[in-house]
Amino acid sequence: MERIRRGNGETLELDLLGQMTHRLDNHPQQEEEGHHRPPPVWDIVKTLTRSDVDQQQCRLLLHHDHVTTFFPKWDPVKEETIADGRLLVQVLVKDVDTGFSTHWVVFRRWKSNGSYVFKSGWSRYFVVRRDLKEGDEIGLCWDSKQSCFLFSVLNRA
């Protein structure tokens with residue numbers, strides 16, 4: 001294993017082939033050398049449905065109860081803007097499986113059923129780029145330190 005510290009303070013742990021095994025900066029700083037932090041705790045774990053990965057209506061549908069678990073970690077203005085459902089909000093999503101590549105997607109609430117969706121950017125940057133399929137399991141969490149979502153493919157169908 002090899003640890004890499006980036007200029008922005010992020011620390012990654014890489015295996016011998018250079019593949020990231022987990023991010024070490026999602027939890028408070030550990031003082032003693034040799035202590036490993038756990039990988040991110042996923043606020044949302046979702047098995048992708050056909051509509052989540054379909055090229056025609058591609059959007060990631062997130063149930064209201066899942067999303068509200070991380071609202072307390074958001075700043076109140078962003079939370080109110082999104083919860084209101086009248087405005088689209090661009091949010092940053094970092095893909096932890098690909099070296100924290102960063103991608104902007106539109107996040108909004110559907111007033112009709114109270115669910116939340118990732119729209120513009122979801123198909124291109126996640127479904128196509130990561131070759132996501134129905135039945136794949138993904139994880140999402142909100143990183144309040146970086147004001148972004150963290151994303152990972154947890155299991156492939």
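- Salt bridge present: Arg129 and Asp95 bring a charged side-chain N and a carboxylate O closer than 4.0 Å.
- Residues meeting the ring pair (Phe, Tyr, Trp, His ring centres under 6.0 Å) test with Phe151, sequence neighbours left out: Phe126.
- For the pair Asp131 (side chain) and Val128 (backbone), a donor-acceptor distance under 3.5 Å is absent.
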Kindly indicate, with the supporting measurements, whether the criterion side-chain contact (heavy atoms from CB on, under 4.5 Å) is fulfilled by Leu140 and Phe118.
CA-CA 12 Å; Leu140 287 165; Phe118 280 157; 3.8 Å; yes
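- Phe149 has its side chain out of reach of Leu92: every pair of non-hydrogen atoms, C-beta onward, lies at least 4.5 Å apart.
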Before you tell me yes or no, could you show the steps for Trp122 and Ser120 under side-chain contact (heavy atoms from CB on, under 4.5 Å), namely the whole-Å CA-CA distance, both residues' side-chain angles and the distance that decides it to 0.1 Å?
CA-CA 6 Å; Trp122 167 250; Ser120 303; over 6 Å; no
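- Of the inter-residue distances, the one linking Glu137 atom CD with Ser152 atom OG reads 10.0 Å to the nearest 0.5 angstrom.
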Set out, in order, the CA-CA distance, both residues' side-chain angles and the distance that settles side-chain contact (heavy atoms from CB on, under 4.5 Å) for Val153 and Leu132, then state yes or no.
CA-CA 8 Å; Val153 177; Leu132 297 177; 3.6 Å; yes
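- In this structure, Leu150 CG and Phe100 CZ are separated by 6.0 Å, a value rounded to the nearest 0.5 Å.
- Within the 3.5 Å criterion, the main-chain N or O of Ala157 finds a donor-acceptor partner in the side chain of Asp136.
- By the rule that hydrophobic residues join a cluster once side-chain heavy atoms approach within less than 4.5 Å of another member, Val89 and Tyr116 end up as members of one cluster.
- Rounded to the nearest 0.5 Å, atoms OH (Tyr125) and OG1 (Thr102) are 9.5 Å apart.
- In summary, Lys94 and Asp143 do not engage in a salt bridge, as defined by a charged side-chain N under 4.0 Å from a carboxylate O.
- A distance of 13.0 Å separates CD in Gln56 from OG in Ser51, rounded to the nearest 0.5 Å.
- Between Val45 and Leu154, some side-chain heavy-atom pair lies under the 4.5 Å cut-off.
- The distance from the CG atom of Asp65 to the OG atom of Ser115 is 9.5 Å, given to the nearest 0.5 Å.
- Minimum interatomic distance between Cys58 and Val127 (heavy atoms only, all atoms of both residues): SG-CG2, 3.6 Å.
- Between Thr98 and Arg130, some side-chain heavy-atom pair lies under the 4.5 Å cut-off.
- Within the structure, salt bridge (charged side-chain N to carboxylate O under 4.0 Å, His left out) contacts touching residues 50-62 (residues at least two apart or in different chains) are Lys46-Asp52, Asp52-Arg59.
- Shown here are the salt bridge (Lys or Arg N to Asp or Glu O under 4.0 Å) partners of Arg124, two or more places apart in sequence or in another chain: there are none.
- Side-chain atoms of Lys133 and Leu48, non-hydrogen and from C-beta on, never get closer than 4.5 Å to each other.
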Would Trp142 and Asp43 count as a side-chain contact (heavy atoms from CB on, under 4.5 Å) if you check the C-alpha gap in whole Å, the side-chain angles of each, and the deciding distance to 0.1 Å?
CA-CA 7 Å; Trp142 181 255; Asp43 293 317; 4.2 Å; yes
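- Between the CH2 atom in Trp110 and the NZ atom in Lys119 there is a gap of 6.0 Å [rounded to 0.5 Å].
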